Amino acid sequence: MDQMAEHGQEVKLVGAWHSPYVHRVAWVLKLKGIAYEFVEENLNKKSSLLLSCNPVYKKIPVLVHHGKPIVESLFIIEYIDETWKDNPILPTDPYEKAMARFWAPLIDEMLLEGSRKVPYAEEEQLEKQIQQVSEAMEVLEGMLKGKKFFGGEKIGFLDITFRWMTIWLGAIEEVAGVKFFNSGKYPLLEDWKNKFIGFHVVKDNLYPMEKLVRFFKKYR
Amino acid sequence: MAVQNTAMAEEVKLFGAWGSPYSRRVEMALELKGVPFEYIEENVSDDKLKSPSLLKYNPIHKKVPVLQHNGKPILESQIILEYIDETWKSNPILLQDPHERAMARFWAKFIEEKCMPPVWKALLGSRDERGKAMEEVRECLKTLESVLNGKNFFGGETIGLLDIAANFIAFWLRVIQEVSGLEFLTAEECPLLIKWCDRANAIAEHLPVECMPALWKAGWIPAENEREKAVEEACECLKTLDSALNGRRFFEKDTVGFVDMSA
């Protein structure tokens, strides 16, 4: 029986276009060829759908499948991988899986928390934030040694988890006049970033760089 | 393969601390699955007292638990639990259904992020913080009561990932309640959760329950006269603890986490 037909009904992704967490779930859905409905949330005025799906944290993204909500982007990705088994995203080896599960949230926090305030930070704060991002990028640079992608020959969990940073950090670089990727310090990461430019799945309306730059400038 | 468990049991080491709920979780999972392992007790009160192996395997956080399997280290108790479930297939702790798994992972994270920190705040925070923290803990427990939804265990009929992750509530919270007199878990608000605690504690082997309250009391009772008695009781308990550890390597120094027994 066709896997898509069996599972593919009624998949909703509740999110906001500027959220990196939402972005990576959307990318996984696209990679796996899963049809879904995107429900845009206004985070200043959260919908009853969001509040009923995620009453504890009231955060996006939420994946709704057959009426059941799943929350936390990394858990959602695991759910998708376990439900639609073609083109697995997580490694099959338990140790590799454990490593992916360990690094994803850790680097996430360093990158996101470090970069999120950069467009609005005062000078002192700015230096600290940049330091945090640089540390994360150094770890990632190390992880890419001898590999095409974090997942090896193919895109894996960590590639998807961190792909958002190629656009997000790019936008911040432009808005705040700082250098992350373009610093020349991380040649492997630079290479890796450029690999995504050709991906047809990347040409989506969900996450255009220009829109993000305008978004950051607005709140600066 | 019939002998899967034996084949995989070559070298399993757990670096842990007896007083740590995170460390205990991993022990529970290994014991549940009948995986033989070597346990190394770490003195977590001071980085300088930690073993070189621990510092090598967990250079970033320098924390327990660390599971070492055939030379490879795995960190973070939740991640270790899933690793154990995927490597040793007997008595699975995660259900097969992807949605159930996602929920178990979510609630385990909820317990760590939302339930545990306010417990410490309720105990050690400023006067203003304490009241609010109590409320937060109670709300968390009420949420978990509804998640349990009348089942025997969070995992259904048998212990699952969430039951293990909730060990802090089953065991530590009760100890804290006894020592501090604070009532987090009440029969009024969480009758089912209380029954679950009894079931979870009965199944999991814990180190001498009697010792915990004495050690905790010695750790933070501020009044001088009471403190001496508490330390005395704690020392007695440590002797029991030592013998109950049954040949596990116990730290030689006279420090037990936050309690200084050197007097």
Side-chain angles (χ1 to χ4, degrees), chain A residues 3 6-7 10-11 25 32 34 53-59 61-85 88-110 135-136 138-139 142-143 157, chain B residues 4 8 12 26 29 35 57-61 63 65-89 92 94-115 136 139-140 142-144 146-147 161-162:
Chain A
Q3 198 172 248
E6 196 180 326
H7 292 298
E10 235 197 85
V11 179
V25 174
K32 292 218 182 218
I34 300 165
C53 286
N54 193 355
V56 175
Y57 293 106
K58 307 179 178 55
K59 289 206 271 189
V62 177
L63 189 80
V64 185
H65 184 213
H66 290 316
K68 291 191 201 162
I70 302 104
V71 302
E72 296 291 317
S73 65
L74 299 177
F75 294 158
I76 296 175
I77 294 174
E78 293 218 36
Y79 172 85
I80 294 172
D81 220 29
E82 287 165 6
T83 308
W84 290 271
K85 298 198 201 275
I89 291 181
L90 273 138
T92 41
D93 172 63
Y95 180 71
E96 296 300 323
K97 222 188 243 191
M99 287 293 101
R101 283 176 177 147
F102 172 75
W103 285 114
L106 185 66
I107 303 274
D108 229 17
E109 204 183 298
M110 287 167 82
E135 274 168 24
E138 250 173 70
V139 175
M143 284 167 84
F157 187 60
Chain B
Q4 193 173 0
M8 298 254 66
V12 183
V26 178
V35 178
Y57 293 130
N58 194 353
I60 299 178
H61 297 127
K63 287 201 272 189
V66 173
L67 184 77
Q68 188 204 4
H69 182 211
N70 293 335
K72 293 188 197 164
I74 301 108
L75 315 175
E76 298 292 316
S77 63
Q78 298 293 358
I79 295 176
I80 299 174
L81 290 179
E82 296 223 31
Y83 176 84
I84 290 173
D85 208 37
E86 288 157 12
T87 308
W88 292 278
K89 309 272 186 192
L94 269 163
L95 297 165
Q96 283 306 307
D97 174 63
H99 187 255
E100 295 294 327
R101 293 160 80 95
M103 286 289 101
R105 288 167 181 146
F106 172 77
W107 289 118
K109 194 164 179 236
F110 169 79
I111 289 174
E112 270 191 50
E113 290 183 351
K114 286 267 184 174
C115 299
E136 270 179 57
E139 280 309 310
C140 283
K142 279 198 264 182
T143 305
L144 290 173
S146 68
V147 172
L161 180 87
L162 189 50

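Letters A, B, ... are given to chains in the order of the sequence lines, protein chains preceding strands, and every chain is numbered from 1. This structure is a prediction, so every number in the text was calculated from the model and none was measured.
Using a 4.5 Å cut-off on side-chain heavy atoms (C-beta onward), A/Glu78 and B/Arg101 make no contact. Inter-residue side-chain proximity for A/Phe102 and B/Tyr83 is flagged as unmet; no heavy-atom pair is nearer than 4.5 Å.
Across all their heavy atoms, A/Tyr57 and B/Phe110 have their closest contact at OH-CA, 3.6 Å. Of all non-hydrogen atoms in A/Tyr79 and B/His99, the two that sit nearest each other are CE1-N, 3.5 Å.
Remark: B/Glu100 engages no residue in a salt bridge (Lys or Arg N to Asp or Glu O under 4.0 Å) (not counting sequence neighbours).
Residue A/Glu109 places its CD atom among 12 or fewer non-hydrogen atoms of other residues, nucleotides or ligands, all under 6.0 Å distant.
With a threshold of 4.5 angstrom between heavy atoms, B/Arg105 approaches chain A through its backbone and through its side chain. Interface remark: A/Leu106 contributes side-chain atoms only to the contact with chain B (heavy atom separation under 4.5 Å). Residue contact with chain B, scored on non-hydrogen atoms closer than 4.5 Å, involves the side chain of A/Lys97 exclusively.
Atom OG1 of residue B/Thr87 and atom CG of residue A/Asp93 lie 8.0 Å apart, to the nearest 0.5 angstrom. How far CD of A/Glu96 is from NZ of B/Lys72: 6.5 Å, rounded to the nearest 0.5 Å.
Chain B forms the most heavy-atom pairs under 4.5 Å with one residue out of A/Glu72, A/Lys68, A/Met99, and that residue is A/Lys68. Between chain A and the residues B/Gln78, B/Met103, B/Lys114, the most heavy-atom pairs under 4.5 angstrom are made by B/Lys114. Heavy-atom pairs under 4.5 Å with chain A were tallied for B/Glu76, B/Glu82, B/Gln96; the largest tally goes to B/Glu82.
Put simply, the residue from A/Ile76, A/Val71, A/Ile70 that forms a side-chain contact (heavy atoms from CB on, under 4.5 Å) with B/Phe106 is A/Val71.
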